[in-house]
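Residue numbering restarts at 1 for every chain, and letters A, B, ... go by the order of the sequence lines.
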There are 2 protein chains.
Amino acid sequence: MSQLRSVPTLDDVARAAGVSTATVSRCLNSPERVVEDTRKRVMSAVEHLGYTPNFGARVMAARRTFTIGAIIPTMENAIFARALQAFQEELHARGYTLLVASSAYQPEIEEEQIRSLVARGADGLLLIGHDRDPAVYDYLKSREIPVLSAWVYLPDTGQPAVGFDNRRSMFALAQQVIDFGHRRIAMISGITKGNDRAAGRVLGLRDALQANGLDPEAMPVIETPYGVENGADALRSLMQADARPTVVMCGNDVLAVGALRGAQDMGLSVPQDVSVTGFDDIELARIVTPQITTVHVPHREMGRKAAIALVDMVEKRSTGDVVELKSTLKIRGSLRDLNG
Amino acid sequence: MSQLRSVPTLDDVARAAGVSTATVSRCLNSPERVVEDTRKRVMSAVEHLGYTPNFGARVMAARRTFTIGAIIPTMENAIFARALQAFQEELHARGYTLLVASSAYQPEIEEEQIRSLVARGADGLLLIGHDRDPAVYDYLKSREIPVLSAWVYLPDTGQPAVGFDNRRSMFALAQQVIDFGHRRIAMISGITKGNDRAAGRVLGLRDALQANGLDPEAMPVIETPYGVENGADALRSLMQADARPTVVMCGNDVLAVGALRGAQDMGLSVPQDVSVTGFDDIELARIVTPQITTVHVPHREMGRKAAIALVDMVEKRSTGDVVELKSTLKIRGSLRDLNG
DNA sequence: TTGTAGGCGTTATCAC
DNA sequence: GTGATAACGCCTACAA
């Protein structure tokens, strides 16, 4: 009776097929090592009993979980959601399952999540950016757990990564802004502490100012957590300065949408009174009016390539490369050409 | 040598603390059953060796994984991301880890994901809606895996759920629209097959027409996958009809934003030429101009309560209740009051 | 090609 | 309060 209700094991299948457990195991894991005839018999027993390998036992015996952990700052930003979706799809195609956690942009939470995923036997880890306590990397190395960073391309670090150059991308956008005749430039950045993507974008903008004979130190920068409201608030305070900027460049599209809204709330029109730029090219950027000039980042491709690279590392086909993806400028209505 | 590099086990801790493995295990799992003195000794050995329990072994011995699986249609819609975030936070607080998968709104993919999560030993499952092959529920019941549905409140099904009444919510919004004097009403719905939330919203609108002496059958309805572009396309085709609707009610905010954009692309102004309504109340709804009239759904609360309810089921403190959350109307600029 | 048997690291049930 | 010890279900040399 109770036998009927309980979940079948390898033993049950073996008995039903009249073979040993080893043969059943082989049928499932390396079918080519079993002759067709017995394999058929075994498989039909598997089918009939509805057998599924016990996860814990498999993990323990094989010493791997076929699980990949990913820790992202937040699920609430579409860019991470989109990349993660592609990451998951690609993992799935390769027989891995995704374990996600979010850190809310807080290093301590991220460390806790890392330990938690490792404790759960993650075979590899995807993290965002490089900027974290080196002890974390030591810990992961001692556990021999491959780590891959996404969202960054900083080859000097030597850490495996699939990403783009935040600094150079922002430089390119800023150069375009300057070419359009803007000189009074302000920035609304995300919090840069512990966030090398945000920091890189600020540096890229400063680089561009410097390269064009403008004073990087003179540029007003407001750092604020990503969020529409925060962008609106920041814009308001920037526009209350004596010398109003002609353009406000934002660390991401969410801030930019907020800035746009903030401007409109003040009765300013974009881009006549002030231009606004973003970063990421989320759907939102094309939905608002005017559409936002931004840097397009290939999020899905990044997710997909990260999955491929990380699985290669886990399966020891690679020790971790540094892959660069290209970002592209999207010049849209929110940026005014002052020459035109 | 190799001993140094390898991950410490219970045995190592036991030896270091001069106790048995059973005592170490107890210290970790039910510390109150161990006297303070030895507990201290054990804990410091744990600390010192950097011991973490082996997940597979623990799962196998305890016969549970402390893992909850969730299958959502897509991570790319902010509503699921937000609810999932809250769900995860609450699970984490209760010592559970979240395993997520997405189905892309396709029943076959969902079934595959369900089996995959079960195979990985999920202690419980969160699904969206009730509408799926009964065989799925039989399967889960035979495995004794608790399932909770979110996003729906349909007490007649008897299935455990934490959600809201999609039909009644849409009815309320439609009543308001009718009270505002609208009579020529059209709808842009998500695909209703296999999606009881979308289907419920269509029914709610039809109910309202009926209740107000209008003909539900006469209402134009376009079904299309959720997406901004699809919303825009659908609006265009609705507005090409002989008798243009005065209001287009959409199955969610993403479609509504698309409809808004579609109208604007046609040179129509909202709400002067046509009103638009949405559903969900995502951030987007307040960012576009005009802001979208919609139904606010407490996504975070739903995620949190679902976590609490599901853990209670897993830990056998409950057999699964049906919890209703309240939605509220948000009347904003995209809906014109024709009486005014 | 197939079977035997040891081991994986915990938890939990007994005695002590 | 603590210590042996038997599962837990699978994988994988090694043997046949």
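A:Tyr105 pairs by the ring pair (Phe, Tyr, Trp, His ring centres under 6.0 Å) definition with A:Tyr226, not counting sequence neighbours. Residues satisfying the side-chain hydrogen bond (donor to acceptor under 3.5 Å, both in side chains) test with A:Arg26, not counting sequence neighbours, are none.
If you take CZ of A:Arg39 and C1' of C:dT2, they are 14 Å apart, rounded to a whole angstrom. Here C:dT10 presents its P atom at 15 Å from CZ of A:Arg120, a figure rounded to the nearest Å. Between the CZ atom of B:Arg15 and the P atom of D:dG3 there is a distance of 14 Å, given to the nearest Å. A:Arg33 places its CZ atom 11 Å from the C1' atom of C:dT2, with the value rounded to the nearest Å. Rounded to whole Å, the distance from CZ on A:Arg41 to P on C:dT2 is 8 Å. If you take CZ of A:Arg64 and P of D:dC10, they are 18 Å apart, rounded to a whole angstrom. Following rounding to the nearest Å, B:Asn29 (CG) and C:dT13 (P) show an atom-to-atom distance of 13 Å. To the nearest angstrom, C1' of C:dT10 lies 14 Å from CG of B:Asp12.
Applying the 6.0 Å contact sphere to CD of B:Glu47 captures no more than 12 heavy atoms from other residues, nucleotides or ligands.
No salt bridge links A:Arg41 with A:Asp37; every basic N to acidic carboxylate O contact stays at or beyond 4.0 Å.
In the helix from C:dT1-D:dA16 to C:dC16-D:dG1, the terminal helix axes, each the rotation mapping four pairs' C1' atoms onto the next four within five end pairs, subtend 30°, rounded to 10°.
Side-chain contact between A:Thr97 and A:Leu91: absent, with no pair of heavy atoms (C-beta onward) separated by less than 4.5 Å. Two residues are said to be in side-chain contact when any heavy atoms from C-beta on lie closer than 4.5 Å; B:Arg197 and B:Ile128 meet this criterion. Side-chain contact between A:Arg143 and B:Thr52 is present, with at least one heavy-atom pair separated by less than 4.5 Å.
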Grab the N/O contacts between the protein and nucleotides 3-5 of chain C below 3.5 Å, and write none if there aren't any.
from	atom 1	to	atom 2	distance (Å)
C:dG3	OP2	A:Ser20	N	3.0
C:dG3	OP2	A:Ser20	OG	3.3
C:dG3	OP2	A:Thr23	OG1	2.6
C:dG3	N7	A:Arg26	NH2	2.9
C:dG3	O6	A:Arg26	NH1	3.2

Could you pull out the protein-nucleic contacts involving nucleotides 6-9 of chain C (nitrogen or oxygen on both sides, under 3.5 Å)?
from	atom 1	to	atom 2	distance (Å)
C:dC8	O3'	A:Arg63	NH1	3.1
C:dG9	OP1	A:Arg63	NH2	3.1

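Judged by distance alone, the side chain of B:Arg64 and the main-chain N or O of B:Ala61 form no donor-acceptor pair under 3.5 Å.
Heavy atoms of A:Val59 sit nowhere under 4.0 angstrom from any nucleic acid atom.
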Determine whether B:Gln88 and A:Met75 satisfy the following criterion, side chain to side chain contact (heavy atoms under 4.5 Å, CB included), listing intermediate values before the conclusion. CA-CA 10 Å; B:Gln88 194 257 104; A:Met75 291 186 212; 4.2 Å; yes
Kindly determine whether B:Glu89 and B:Arg300 satisfy salt bridge (charged side-chain N to carboxylate O under 4.0 Å, His left out), including the steps that lead there. CA-CA 10 Å; B:Glu89 286 166 8; B:Arg300 298 194 61 87; 3.3 Å; yes
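The list of side chain to side chain donor-acceptor pair (under 3.5 Å) pairs with a residue in residues 146-156 of chain B, not counting sequence neighbours, reads B:His130-B:Ser149.
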